[in-house]
Amino acid sequence: MTKNFFATRTGIIAVGAVIGILAPLLQKLGNPGNMGICVACFERDISGGLGFHRAAVVQYLRPEIIGFVLGSLAAALAFKDFRPRTGSAPFVRFVLGAFAMIGALVFLGCPWRALLRLAGGDLNAILGLAGLVFGIWLGTLFFKNGYNLGRTQKSYTAAGLLMPLVMLGFLILMLMFPQMEGEPKNDILFYSLKGPGAMHAPLIIALLAGLVIGFIAQRSRFCTMGAFRDLLLFRQFHLLSGVIALLLLATITNLVFGQFTMGFEQQPVAHNLHIWNFAGMALAGLAFALAGGCPGRQLFLAGEGDGDAAVFVFGMIVGAGFAHNFGLASSPNGVGPHGIAAVVIGFAVCLFIGFSMRKKN
Amino acid sequence: MTKTIDARGLSCPQPVLMFLDAVKSADETNFTVLVDTEASKENVSRAAQSQNCQVKDVREQGDEYHLTIVKNL
């Protein structure tokens, strides 16, 4: 049996450190502020790039996301860890994905971005991270009471390859219909002319960074939700050590690049409504916990053949459509007109799922 | 007596939860845990070590892993 270096303590710390360095570097190369990598924001941009929502400032097929899935697939194939499987309550996972996205967009970021925002000096992220931990803690209570979405079934190799193929398809579309100077659209793809969606590192660099992170994250099982869940549920620090490494290295890299500005005010792509930063991320944290992974982890799982994780990802992409079409997403000006209602409904749905989907031993 | 825990098809944290429940509640000291992903294998092994248990053997059987775990007395 070959030893998996990335599954060791040193390995997970190394993976967190690599992400912590690459994310601020991607920001330096063009990605939005404190958003070197944000899985929720980037899936939201993909949703916009495909026209599922028409928020003009957040439309771009982010190559990092494509790279995450394909990099994970490469690692899974290289190390005989590709396991095509599906069938563990897919639609429940879709709904959880949608509300996870809605919660994340009330805060304005996934757990990765919460860490990167803090690493850039945005103190509002503390509220988001506190909310994330609270939501995950709620999730652990359900786990302790028998919450379980049931077993997956083995599936066809082709079934496991579908999600990577979809991502490959997105990449081909990007190459066929690239962004054109001053044009908001190239045939079927939408592009932002201003705002976060207009800010991006060069395609090839973003894709390569995504591939590298996808590869090593698949091997290490890096998961920000799992980090806090394992601490709360098992008193285990393994995954958390990777998260801490990410935060530390991202802070150092931001300081080196001059990308660190501490405070609550005037932070990039952020608002300072503390309650809704907390509540949005609490909803997202609960949904991630109930679905068994943070948005990044869901992409890596999808790359290694987990069809249910792929459904969660598409739940998030569709959730982004709802979030922007219905005015649920926040902006630097504050929460969206219906954001608060969406958080309340999201909690009701997640609690319904948590209470009702329990297996008696 | 060996207690068998079938965690095949379950994603994290279920396999670890099932194993920990068994270690805490069962009289047995020998456990066989069946999982079908490498991540679950690693997670259960890590949990076993934190519970004063030893992973004696990891057998690969097709797409599955059979972990033999013994609780140190």
Side-chain angles (χ1 to χ4, degrees), chain A residues 1-4 6-9 11-12 75-76 79-89 93 139-140 143-144 146-154 218-223 225-226 229-230 232-239 289 291-293 297-298 300-301 304-306 308-309 359 361, chain B residues 1-28 31-72:
Chain A
M1 197 176 64
T2 51
K3 181 85 179 153
N4 177 5
F6 289 110
T8 63
R9 175 62 68 93
I12 190 83
F79 292 95
K80 296 190 168 49
D81 199 12
F82 181 70
R83 308 279 160 118
R85 56 194 189 274
T86 188
S88 168
R93 293 172 189 276
T140 63
F143 279 115
K144 284 180 184 163
Y147 167 79
N148 188 338
L149 287 181
R151 295 177 197 265
T152 56
Q153 304 284 321
K154 275 179 210 159
Q218 192 280 333
R219 294 304 291 152
S220 67
R221 337 292 178 202
F222 184 85
C223 177
M225 185 286 295
R229 180 201 60 204
D230 289 356
L232 294 167
L233 207 51
F234 310 134
R235 305 272 169 258
Q236 215 185 75
F237 288 88
H238 177 77
L239 288 171
R297 178 78 182 133
Q298 303 282 357
F300 310 133
L301 284 168
E304 66 174 61
D306 185 340
D308 297 325
K359 287 205 169 137
N361 288 325
Chain B
M1 276 293 286
T2 299
K3 186 176 173 69
T4 300
I5 301 152
D6 182 0
R8 289 174 297 181
L10 293 172
S11 52
C12 63
Q14 301 294 350
V16 174
L17 276 174
M18 289 168 77
F19 169 69
L20 293 182
D21 279 351
V23 169
K24 282 172 190 158
S25 60
D27 298 327
E28 290 91 350
F31 304 90
T32 302
V33 185
L34 314 179
V35 293
D36 57 3
T37 64
E38 213 182 298
S40 294
K41 178 193 78 178
E42 293 162 0
N43 290 341
V44 172
S45 303
R46 219 175 277 127
Q49 282 153 14
S50 74
Q51 294 295 314
N52 195 27
C53 294
Q54 248 186 318
V55 184
K56 291 282 187 192
D57 184 43
V58 180
R59 202 152 37 90
E60 218 176 316
Q61 207 156 312
D63 285 343
E64 299 172 6
Y65 299 99
H66 294 197
L67 283 74
T68 307
I69 298 174
V70 178
K71 191 173 175 180
N72 297 325

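A quick note: this is a predicted structure, and the numbers were derived from the prediction, not measured. Below, chain A is the first sequence line, B the second, and so on; all start at residue 1. Side chains are part of it too, since the values below use all heavy atoms of this structure and drop only hydrogens, waters and symmetry mates.
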| message | Working note: Arg83(A) + Glu38(B), criterion salt bridge (Lys or Arg N to Asp or Glu O under 4.0 Å); need CA distance, chi angles, decisive distance, verdict. | response | CA-CA 9 Å; Arg83(A) 308 279 160 118; Glu38(B) 213 182 298; 5.3 Å; no
| salt bridge (Lys or Arg N to Asp or Glu O under 4.0 Å) evaluation trace for Asp81(A) with Arg221(A) | CA-CA 12 Å; Asp81(A) 199 12; Arg221(A) 337 292 178 202; 3.0 Å; yes
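Contacts between Leu301(A) and chain B at a heavy-atom distance below 4.5 Å are absent for every atom of the residue. Looking at Arg297(A), only its side chain comes within 4.5 Å of chain B, counting heavy atoms on both sides. For a residue to count as touching a neighbouring chain, one of its non-hydrogen atoms must lie under 4.5 Å from one of that chain's; by this rule Phe234(A) touches chain B with the side chain only. Residue Arg235(A): no heavy atom, backbone or side chain, is found under 4.5 Å from chain B. Heavy atoms of Lys154(A) lying under 4.5 Å from chain B belong exclusively to its side chain. For a residue to count as touching a neighbouring chain, one of its non-hydrogen atoms must lie under 4.5 Å from one of that chain's; by this rule Ser11(B) touches chain A with the side chain only.
Taking every heavy atom of both residues into account, Gln218(A) and Ala75(A) meet most closely at OE1-CB, 3.5 Å. Closest approach of Ser45(B) to Leu67(B), counting heavy atoms only: OG-CD2, 3.5 Å. Minimum interatomic distance between Lys359(A) and Asn148(A) (heavy atoms only, all atoms of both residues): CG-CB, 4.3 Å.
At distances below 3.5 Å, not a single donor-acceptor pair connects side-chain atoms of Asp36(B) with backbone N or O atoms of Asp63(B).
The pair Arg151(A)-Asp6(B) meets the salt-bridge criterion, since a charged nitrogen lies less than 4.0 angstrom from a carboxylate oxygen.
Contact count versus chain A (heavy atoms, under 4.5 Å) is highest, among Ala47(B), Ser50(B), Pro13(B), for Pro13(B). Looking only at heavy-atom pairs under 4.5 Å with chain B, the residue among Thr152(A), Asp230(A), Asp308(A) that has the most is Thr152(A). Chain B forms more heavy-atom pairs under 4.5 Å with one residue of Gln236(A), Arg229(A), Arg85(A) than with any other, namely Arg229(A).
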